[in-house]
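What follows is a single structure, written as structure tokens, with notes after it.
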Amino acid sequence: MVSPGCRARFFWFDNSAGGGPLHPAQTALSPPILDYVFFMPFFQTPPELGNQYASDDVLRRYLRHTLPPDMLAQVEPELMDLGELSGGELYRQQLQDYAAEPELTTWGAWGERVDRVEHTSLWKKAERIAAEKGIIATAYERKNGVLSRVHQFALMHVIDPSWSVYSCPLAMSDGAARTLIASKNRALIERALPRLTSRDPNAVWTSGQWMTERTGGSDVAISEAEARSDGDAFRLYGTKWFCSAIASQMALTLARPEGNPASGRGLALFYVEVRNPDGASNGIQVNRLKDKLGTRMLPTGEITLDGTRALAVMGTRDGIKNITTMLTITRTWNAVAAVSAMRRAITLAKDYARRRVAFGALLSEKALHLDTLAEIEAECQGGFLLAFRAVELLGKQESGEISEEEATLFRLLTPIVKLTTGKQAIAVVSEALEAFGGAGYIEDTGLPRLLRDTQALPIWEGTTNVLSLDLLRALSKTGTIEPIVHDVLAGVEGADPSLKPAAEAATRAVEHARAWITKTMPSGAIEAGARRLALTFGRALELAYLVRESTRAKKYGDFAKPSAAARRFMRNGVDLIVDETIDADARSLFG
């Protein structure tokens, strides 16, 4: 205790890595004689989140430019409510339950096989919120017509980082619902669609997507699962090696009906309910839950199908072709999840920079730190606009309001959007974690989980290389890249003079890509350059959309931020095309 009339000096010490005294604070007491020195331990204030819609000026600006005013006024209260949940209750529980994982109970107390998966408490809450807030239902109720998908994915963008990958079963449920609609299989539509799109937490279903086997991975054509006819149904036999959301009520899966050829066309798409009406397993054994790098709250299982009753969705052939609709939906979800992860990581890093003192000043006052955050902010904004361009086109396609050129653009854009945002997310989230120093490596801060979960995004639903080859196939079938070129040119039209270099960089990149893909080359050289081609298309489109966003913002008086994002994105690099043939070098280095 300090006696009256004494002067005391307090030192706050930084007990983080490389700690030391940050700054002294004096209490001026009379007479000015220093009698006591106190050493007070320092504890860093952690980053915090506010309302995740109110603080997201990129999302809010985009919606202002995209939705009619009356529609925006109707949608915003939903987004504000969800933003409060995302930055408040859900985020706090996510931090508290950072180590929680689902549990598999294989056997019951009396020896019976039960294969019961228990979700974490956060996932149980997410299941209720997703249904009540209509994260799936919004797209199918179509209250906002062609813009219903924009509405849906805006909701998803706001909430997704706070519920530890609950978007995975939602994505597959959305994909299953749209696939069943496309199948025109009336019995399955009537059975499953009301449940997949329900707002009632007690009635809603989610769907799995069981495609991956030990033999195939991305090459599902060589799947071994067999379908044996059983009256008007089939019985499935085989192993599915990687099945996400294993506790869902239903799944769509591939199997080969007896007698079908050993090729992709010989596979058929099947509808499976996980349990029989009496609650017993439908011939499905969960061998184990996967011990994964990330997405650890997501129960991913390895299963054996042993007489599983199934119904053919669209005939007994062309299963790979028939899952195209599902993949289009889930890849769009993947892209929005990527930009949501980037936004969360950057939001936390920015808040931390306003709280963390190092080398005598806040990080937010350090020029190099600001420059680093600006680089990843520009990447995040570009990725966001690219992902939501795909969302817009998805809405147009489902409404039947899409032009022929837009339909071609959407086919080309789907793999580009998924692979580009997936790679951006890894780089951005990694850089954001580095902005926390050692705290970014400590599990109970919740930060490492961001990076581990993000690593799934370039892998799930097709790796970067697989999607790059998918783009080549799409280009071969459509016979044109002009819709991409036209979208870039439309994006930079009317650009402010200050953005002329950015507009020209986007145009040069897409024209270079067009020249490269149309010149005569060996097939090996084309394949070797497919990733660089796809990423160049993606980055040229992102830069063009950034320029367009700044142009649209001029009349609202907030031109500065989107313009800065466009300029910084341009400096990050756009054109990745390599003109010379380098596949021989790759072979040499591989050897």
Side-chain angles (χ1 to χ4, degrees), residues 218 327-328 331-332 334-335 338 379 382-383 385-387 389-390 393 405-427 457-459 461-492 502-546 569-570 572-587 589-590:
S218 296
L327 293 177
T328 297
R331 286 171 178 175
T332 305
N334 198 96
E379 293 293 319
L385 295 173
L386 180 64
R389 178 60 171 141
L393 292 170
E405 181 174 34
E406 286 176 325
T408 302
L409 174 63
F410 187 42
R411 172 65 185 94
L412 299 174
L413 211 56
T414 300
I416 292 172
V417 171
K418 193 273 185 186
L419 70 87
T420 303
T421 56
K423 297 305 283 186
Q424 284 177 304
I426 294 297
L457 298 172
I459 298 172
E461 297 301 64
T463 64
T464 306
N465 284 355
V466 167
L467 290 168
S468 299
L469 297 176
D470 183 38
L471 174 62
L472 292 185
R473 285 190 295 272
L475 287 170
S476 175
K477 289 180 179 178
T478 62
T480 180
I481 65 167
E482 293 311 304
I484 295 176
V485 177
H486 293 168
D487 225 40
V488 169
L489 295 177
V492 302
E504 290 176 345
T507 303
R508 281 196 308 271
V510 76
E511 288 178 345
H512 189 192
R514 175 168 58 183
W516 184 84
I517 194 62
T518 55
K519 72 181 182 180
T520 302
M521 288 183 289
S523 60
I526 295 173
E527 180 178 323
R531 177 192 282 232
R532 289 183 286 275
L533 175 72
L535 288 169
T536 297
F537 279 144
R539 295 188 66 78
L541 287 161
E542 287 184 346
L543 181 53
Y545 299 153
L546 285 167
F569 189 93
M570 175 192 68
N572 290 350
V574 180
D575 188 350
L576 306 180
I577 299 290
V578 176
D579 287 307
E580 64 270 21
T581 300
I582 59 173
D583 54 318
D585 288 344
R587 292 183 183 280
L589 291 168
F590 180 77

Checking R514 now: which residues fulfil salt bridge (charged side-chain N to carboxylate O under 4.0 Å, His left out) with it, not counting sequence neighbours? E482
So, using side-chain contact (heavy atoms from CB on, under 4.5 Å) as the criterion, who are the partners of T414 when residues are at least two apart? T328, R331, F410
L457 versus A338, closest heavy-atom pair with distance: CD1-CA, 3.5 Å
State, with a plain yes or no, whether a side-chain heavy atom of L533 is found less than 4.5 Å away from one of L472. yes
Can a donor-acceptor pair be found, under 3.5 Å and without considering hydrogens, that links the side chain of T518 to the backbone of A515? yes
Please report the interatomic distance CD1(I484) to CD1(I416), rounded to the nearest 0.5 Å. 4.0 Å
Rounded to the nearest 0.5 angstrom, the CD-CG distance for E504 and L543 is 11.0 Å
A509: which residues meet the side-chain contact (heavy atoms from CB on, under 4.5 Å) condition with it, sequence neighbours left out? T536, A540, V574, D575
Sub-4.5 Å side-chain heavy-atom contact between F537 and L412: no
Rounded to the nearest 0.5 angstrom, the OG1-CG distance for T420 and L467 is 9.5 Å
Give me the atom names and distance for the closest heavy-atom approach of L386 to G538. CD2-O, 4.1 Å
Listed partners of D487 passing salt bridge (charged side-chain N to carboxylate O under 4.0 Å, His left out), at least two apart: R389
Just jot down the side chain to side chain donor-acceptor pair (under 3.5 Å) partners of E527, sequence neighbours excluded, or say none. none
Mind checking the CE-CG spacing from M521 to D579? Nearest 0.5 Å is all I need. 9.0 Å
Of all residues at least two apart in sequence or in a different chain, which pass the side-chain contact (heavy atoms from CB on, under 4.5 Å) check with S468? L419, T464, A530, R531, A534
So do the side chains of R539 and M570 get within less than 4.5 Å of each other, counting heavy atoms only? no
Of all residues at least two apart in sequence or in a different chain, which pass the side chain to side chain donor-acceptor pair (under 3.5 Å) check with E461? Q209, T330
Listing request: all salt bridge (charged side-chain N to carboxylate O under 4.0 Å, His left out) pairs with a residue in residues 407-425, at least two apart in sequence or in separate chains. R411-D470
Taking C-beta and beyond as the side chain, do L413 and L541 meet within less than 4.5 Å on heavy atoms? yes
For the residue pair L475 and I481, establish whether any side-chain heavy-atom pair is separated by less than 4.5 Å. yes
So how far is it from I526 CD1 to T520 OG1, rounded to the nearest 0.5 Å? 8.5 Å
On a heavy-atom basis, which atom in V417 and which in T421 lie closest, and how many Å separate them? O-OG1, 2.7 Å
